[in-house]
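Being a predicted model, the structure only gives us computed values, none of them experimental. Counting starts at 1 for both ligands and their atoms, in listed order.
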Amino acid sequence: MTLASRPIVHILGLGSMGTVLAVDLIRFTNALVVPLFRSQEKLETFQKTAHSKIGLRKIYLEEKPLIECTVEKAECPETFGGEPIENLVITTKTYQTKEAITPYLPYITPNTNLILIQNGLGVLEVLKEEIFPDAAKRPNLFQGVISHGVYQESGFTYVHAGWVGMQIARLPWNENELIQKSSLVEKDSSENALVQLLMGQRFAKEFGMKHTTYQEMLLGQLFKFLVNCCMNPVTAIVDCVNGEMKDHCGPVFQSIIAECLDILKVAYKPLFEYKVKYHGMSEYPKLDDSILTTENMTKEVIRIGCDLNARNSTSMRQDTLYLRETEVAYINGYVVTLAKRLNLSANVNKTIVELVQLRLGLNRTRATQGDWRS
Ligand SMILES: NC(=O)C1=CN([C@@H]2O[C@H](COP(=O)(O)OP(=O)(O)OC[C@H]3O[C@@H](n4cnc5c(N)ncnc54)[C@H](OP(=O)(O)O)[C@@H]3O)[C@@H](O)[C@H]2O)C=CC1
Ligand SMILES: CC(C)(CO)C(=O)C(=O)O
């Protein structure tokens, strides 16, 4: 098959999420997968040291297979060929998005399909206000809510620890377009190249793909957001593995979730009014937001975070242990941002953000000035 007829997918962020996606795109689609590295140095390390090979050890399978693929083509800002980008996957950490995408802006057009595959909320505002301020030049925008659990083993080999799947939807650039008709999903399924690639039968089955309206995906995204608002900062602050705190974390989770829901219900009012407003309207999918209550979510967060992921260390705890910046600004910090915008209080989440920053600062101080406890 000639290069011209193969779909091309550029992946910005070949880390845990970028790799788990790249491996299955290479194995189960005809796409040309092109990782975009941050520098010539990183690109050359990938090509010369790793021989352009990526690996995924699927430990959720009994035989724990190591699957390795060779990447045909990789780029960095210095080498990028300059052709318009057809499909761009963003799998950097949220706070890395703007810096990562900037070198490629000249090649992103209104025909580009751009998908954010990230936790948290708030990147959309960065895209609208700082990266694509001119509405006429904005790409087709999608969001992926991914629940696979992946972490780095070494080099370009990652461990796929938990298989759960990914939900995608077209992400509205404008807040007044939050509620979508089912016909938009059908239109994208039949016309959009990136949706067709990700929903291709083999890839979709292997990766656990689901393509829905934005409101359906948003329900799942807010559910995951509440899980992350609790699990990620608390495990980082107290420095524990997920399951250790199972019997003790209920009260603090309840406080975090209650405040989050008070704010999210105002910020995403159309979602919480949906069930009544669109009841019986066949052109809109049914939606049940009854799961988003403080009592239910407190139980669900403990079930998902402390039971199903008992032996996992959250990505935020890992970031603080490795002295890396965290995504707290796009998780609990985003709740604080929303509250300010809506003139609501968010003291619980504000304190959580401050405690995460304290934990990171303390770990960094201990790394440079020694640990006074010993
Ligand atoms: N890991 C997981 O299990 C899950 C993660 N997520 C979410 O997915 C998102 C990605 O997380 P994850 O994959 O774990 O993060 P990683 O840190 O593993 O991957 C991020 C990648 O982005 C690259 N990157 C950063 N800046 C640039 C740049 N300027 N140009 C090119 N590449 C760049 C990094 O490379 P470099 O080495 O150069 O910095 C790194 O390889 C996050 O929002 C996370 O919360 C969601 C569900 C599960
Ligand atoms: C589900 C959970 C909390 C698993 O640890 C996660 O998403 C993370 O670590 O970021």
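Contacts of Q96 with ligand 1, taken as heavy-atom pairs under 4.0 Å, involve the side chain alone. At a 4.0 Å heavy-atom cut-off, ligand 1 touches K224 through the side chain alone. Looking at T91 against ligand 1, only its backbone comes within 4.0 Å, counting heavy atoms. Residue contacts with ligand 1 for Q152 are absent, since no atom lies close enough (heavy atoms, distance under 4.0 Å).
Protein heavy atom closest to atom 33 (C) of ligand 1, with residue, atom name and distance, is T92 CG2, 4.0 Å. At the shortest separation from atom 14 (O) of ligand 1 among protein heavy atoms lies S16 CB, 3.5 Å. At the shortest separation from atom 27 (C) of ligand 1 among protein heavy atoms lies R38 NH2, 3.7 Å. Here the heavy atom of the protein found nearest to atom 1 (C) of ligand 2 is N309 ND2, 3.9 Å. In this structure, the protein non-hydrogen atom closest to atom 6 (N) of ligand 1 is N119 ND2, 3.5 Å. Protein heavy atom at the shortest distance from atom 48 (C) of ligand 1 is H148 O, 3.2 Å.
Remark: the T235 side chain and the N242 side chain contain no N/O donor-acceptor pair separated by less than 3.5 Å. At a cut-off of 3.5 Å, with distance as the only test, no side-chain donor of N347 or S345 sits close to an acceptor on the other residue. No side-chain donor from either of T298 and Q254 sits under 3.5 Å from a side-chain acceptor of the other. Side-chain contact of S313 with Q318: a donor-acceptor pair under 3.5 Å is present, judged by distance alone.
Interface atoms of ligand 1 facing I146, defined by a heavy-atom separation under 4.0 Å, are 46 (C), 47 (C). Distances below 4.0 Å separate heavy atoms of V150 from the following atoms of ligand 1: 1 (N), 2 (C), 3 (O). Taking a cut-off of under 4.0 Å to the non-hydrogen atoms of I117, the atoms of ligand 1 that pass are 8 (O), 9 (C). Taking a cut-off of under 4.0 Å to the non-hydrogen atoms of N312, the atoms of ligand 2 that pass are 4 (C), 5 (O). Residue-ligand proximity, Q118 to ligand 1, at heavy-atom distances under 4.0 Å covers atoms 8 (O), 9 (C), 43 (O). Shown in contact with M231 at under 4.0 Å from a heavy atom are these atoms of ligand 2, numbered in order with element: 3 (C). Close approach to E327 involves these atoms of ligand 1, each under 4.0 Å from a residue heavy atom: 42 (C), 43 (O), 44 (C), 45 (O). Shown in contact with K42 at under 4.0 Å from a heavy atom are these atoms of ligand 1, numbered in order with element: 36 (P), 37 (O), 38 (O). Near S315, with a cut-off below 4.0 Å to any heavy atom, the atoms of ligand 2 are 8 (C), 9 (O), 10 (O). Remark: ligand 1 atoms within the under-4.0 Å shell around heavy atoms of L36 are 31 (C), 32 (N). Listed by number with element, the atoms of ligand 2 under 4.0 angstrom from any heavy atom of N242 are 4 (C), 5 (O).
K350 and E354 get closest at one heavy-atom pair: NZ-OE2, 2.7 Å. Summarising the geometry of Q118 relative to Q143, their closest heavy-atom pair is O-NE2, 3.5 Å, with the distance given to 0.1 Å. Counting all heavy atoms, side chain and backbone alike, A169 lies closest to T212 at CB-O, 3.3 Å.
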- Item | Worked verdict on R364 versus E325 for salt bridge (charged side-chain N to carboxylate O under 4.0 Å, His left out) | CA-CA 11 Å; R364 284 175 169 168; E325 281 307 311; 3.1 Å; yes

- Query: Taking it one step at a time, do Y158 and H148 satisfy ring-ring contact (aromatic ring centres under 6.0 Å, His included)?
  - Reply: CA-CA 12 Å; Y158 286 78; H148 293 304; over 10 Å; no

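Taking all heavy atoms of G149, G15, S39 into account, the minimum distance to atom 19 (O) of ligand 1 is reached by G15. Between atom 6 (C) of ligand 2 and the options N119, T314, N228, the minimum heavy-atom separation is to N228. Summarising the contacts of atom 3 (C) of ligand 2 with N232, T235, V164, I331, the nearest heavy atom is found in N232. Which of G13, A100, P77 comes nearest to atom 28 (C) of ligand 1 through a heavy atom is settled by distance: it is A100.
Panel note: side chain E259, backbone V348; a donor-acceptor pair is recorded below 3.5 Å. Formation of a donor-acceptor pair under 3.5 Å by the N309 side chain with backbone atoms of N312 is not found in this model.
Atom 36 (P) of ligand 1 is flagged as protein-proximal [any protein heavy atom, distance under 4.0 Å]. Remark: atom 31 (C) of ligand 1 lies closer than 4.0 Å to at least one protein heavy atom.
The closest approach between M316 and ligand 2 stays at or above 4.0 Å for every heavy atom of the residue.
More than 12 heavy atoms of other residues, nucleotides or ligands sit less than 6.0 Å from atom NZ of K224.
For the pair E125 and K128, the salt-bridge criterion is not met [side-chain N within less than 4.0 Å of a carboxylate O]. Under a 4.0 Å N-O distance rule, the pair K42/E78 does not qualify as a salt bridge.
With a 4.5 Å cut-off on side-chain heavy atoms, Y284 and K181 count as touching.
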